[in-house]
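Here is the structure we will look at, set down as structure tokens.
Order of listing sets the numbers, starting from 1, for every ligand and every atom in it.
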Amino acid sequence: MLRSCTAGLRSLWALRGGREGVPRPSTDLQPAPRLFSAEKVIHTDCALPNPSWSKDLKLLFDQFMKKCEDGSWERLPSYRHRCAQISEDFKNYFLEQKPVKEGRLSQVRLFTRGFEDGLGFEYVIFKNNDEKRTVCLFQGGPYLQGVPGFVHGGAIAAIIDTALALCAAVPGKAIMTANLNINFKRPVPLCSVVVINSQLDKLEGRKLFVSCNVQSVDEKTVYSEATGLFIKLDPEKKSF
Ligand SMILES: CCCCCCCC/C=C\CCCCCCCC(=O)SCCNC(=O)CCNC(=O)[C@H](O)C(C)(C)COP(=O)(O)OP(=O)(O)OC[C@H]1O[C@@H](n2cnc3c(N)ncnc32)[C@H](O)[C@@H]1OP(=O)(O)O
């Protein structure tokens, strides 16, 4: 499995150099790139297939795209660089926070999108709003190794946090992780595809309780189980 991943990556490098700012090959789904700030950062939706995606990942992606056709599911786009709108939501709460210097703005990346295609986190999240759940399809690349041949626990925690956050996310409201509890039950093979099923269990005032499991594609192996608590930031508390 590891060998096929490396071979795929070699052809990937040859194909496109994988450099930041180089738009992905166009697909029907890909929106036109947008420019952000004076630094001209190109916004490319990373939650779309690229040449590093395995057959399993592409197959599952296609299955979920079909489910999106009747509107019950939606694919959540995902961007490498800062999203201006989200920054606005959070800016209200972090008045003391010094902004990243203008010169470094183009370097700021979402952690889980910080690697070039195929090397780190490859994932796409689908959301079912009525059922208050998300499905994250995740392929952990070779830069995420922990124990030889397996994905680092911190990387698993990061993708779980992301999947749970988007399950808990409320449009127009800023939320943050207050608690994340993970049971690592089986090691996740590097370059394999896993499915993270998340659900909103309970909403209690500003507290959003969510949970998920991380399973193999054939659902025979449960790699991890997790619960998370997300808090809607209080607009009255602006002293962070
Ligand atoms: C998440 C973002 C989603 C956005 C989605 C949109 C766009 C998508 C784009 C890109 C996707 C990216 C997805 C990334 C995801 C990554 C997320 C992170 O990495 S977050 C960084 C790590 N987390 C921190 O650094 C927080 C640090 N903590 C805090 O700032 C505060 O503690 C905070 C805001 C969490 C709560 O502070 P208070 O002052 O607002 O609230 P108080 O009064 O303390 O608590 C409210 C209630 O919650 C309980 N509570 C708070 N913390 C708890 C805890 N740890 N365990 C249990 N209960 C807790 C309290 O007991 C209280 O409960 P009672 O209302 O009295 O019933």
- What residues, two or more places apart in sequence or in another chain, satisfy salt bridge (charged side-chain N to carboxylate O under 4.0 Å, His left out) together with Lys55? none
Run down the list [options] and name the one with the heavy atom closest to [atom].
| atom | options | answer |
| --- | --- | --- |
| atom 4 (C) of ligand 1 | Asn181, Ile175, Leu229 | Ile175 |
| atom 64 (P) of ligand 1 | Lys232, Glu204, Lys207, Met176 | Lys207 |
| atom 55 (N) of ligand 1 | Gly228, Ala157, Gly172, Ala178 | Ala178 |
| atom 20 (S) of ligand 1 | Thr177, Ile159, Ile231, Leu166 | Thr177 |

- Using distance alone, decide if ligand 1 has a nitrogen or oxygen within less than 3.5 Å of any nitrogen or oxygen in Arg206. yes
- From OG (Ser211) to CG (Asn181), nearest 0.5 Å: 11.5 Å
- Is any side-chain heavy atom of Val210 closer than 4.5 Å to a side-chain heavy atom of Thr227?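 Answer no - side chains too far apart.
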- Task: Kindly assign one of parallel, tilted or perpendicular to the pair Phe61 and Trp53, based on the angle between their ring planes and the thresholds 30° and 60°.
- Result: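 Plane angle over 60°, so perpendicular.
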- Parallel, tilted or perpendicular for His43 and His81, by the 30°/60° rule?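 His43 and His81: perpendicular rings.
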- Item | Numbering as shown, the atoms of ligand 1 that approach Leu233 to under 4.0 Å (heavy-atom distance) | 34 (C)
